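Quick caveat: nothing in here was measured; it's all calculated off a predicted structure.
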Amino acid sequence: AAPIIVNWSDSWLANYPWNTPFVSNEHTNVNVGNSVMDIVANALGVTYQNHGIGGEQSREVVNRLIAEIRYVRPRYAFIEAGLNDFGGLDVYGRYSYQHYYNEVWGNLLRGIDTCIAYKVVPVVFKIPPTNKLTTTEWASADSLNHSIDALAATGKIIAVDVSGAIGVR
């Protein structure tokens, strides 16, 4: 039977490097008990697969989702992407808010549309707070989070904001 939830993400949702993803070639110790996916799945009493890979940018995460979802067919697709896209440059080699926003938002929308086409509910995680971002970068992430909230308000996706739970055990 297909898992109820499949996670397509970068490292923080997948809990890399402490948890090696389902699709990884790496042979490391697996500690799924402290991943976001494990906590959510256990709380809901459902099955899941971790398809998150650390270091990936939004285009890579979404391209994998598009390639894999037809075979896995979960009920819910957890999508988290965008944090590794910071530092993206525009055509002049400068950091560009608009480049970041257009790239990540466009990729998320491709993933969301694919989920809907396969009748899978997209659950999109907002960019979490981090001390790695500059003020300009955080403004970009904040705009992206507002777009995620606006789309959730239409009922097309479920938005998840984990900022209130960061660091809470």
Can a donor-acceptor pair be found, under 3.5 Å and without considering hydrogens, that links the side chain of [X] to the backbone of [Y]?
X: Arg64; Y: Val61; answer: no
X: Arg75; Y: Val121; answer: no
X: Ser143; Y: Ala139; answer: yes
X: Gln57; Y: Asn84; answer: yes
X: Asn63; Y: Arg59; answer: yes
X: Tyr118; Y: Asp113; answer: no
X: Ser58; Y: Asn107; answer: no

Minimal non-hydrogen separation, [X] against [Y], with atom names:
X: Ile112; Y: Pro122; result: CG2-CG, 4.1 Å
X: Ala141; Y: Ile127; result: CB-CG2, 3.8 Å
X: Trp105; Y: Ser147; result: CH2-O, 3.5 Å
X: Thr114; Y: Arg110; result: OG1-O, 2.9 Å
X: Leu108; Y: Ala81; result: CD2-CB, 4.4 Å
X: Leu83; Y: Pro128; result: CD2-CG, 4.4 Å

In Å, rounded to the nearest 0.5 Å, how long is the span from [atom1] of [X] to [atom2] of [Y]?
X: Ile157; Y: Leu109; atom1: CD1; atom2: CG; value: 8.5 Å
X: Cys115; Y: Phe78; atom1: SG; atom2: CZ; value: 11.5 Å
X: Asp85; Y: Tyr100; atom1: CG; atom2: OH; value: 6.0 Å
X: Ile158; Y: Phe125; atom1: CD1; atom2: CZ; value: 10.0 Å

Q) Is there side-chain contact between Val120 and Val6, with heavy atoms separated by less than 4.5 Å? A) no
Open item on the list: Within the 4.5 Å heavy-atom criterion, are Gln49 and Ile5 side-chain neighbours or not?
Closed with: no
Would Trp8 and Glu80 count as having a side-chain donor-acceptor pair, cut-off 3.5 Å?
no
Residues 116-129 vs salt bridge (Lys or Arg N to Asp or Glu O under 4.0 Å), sequence neighbours excluded, gives Lys126-Asp149, Lys126-Asp161
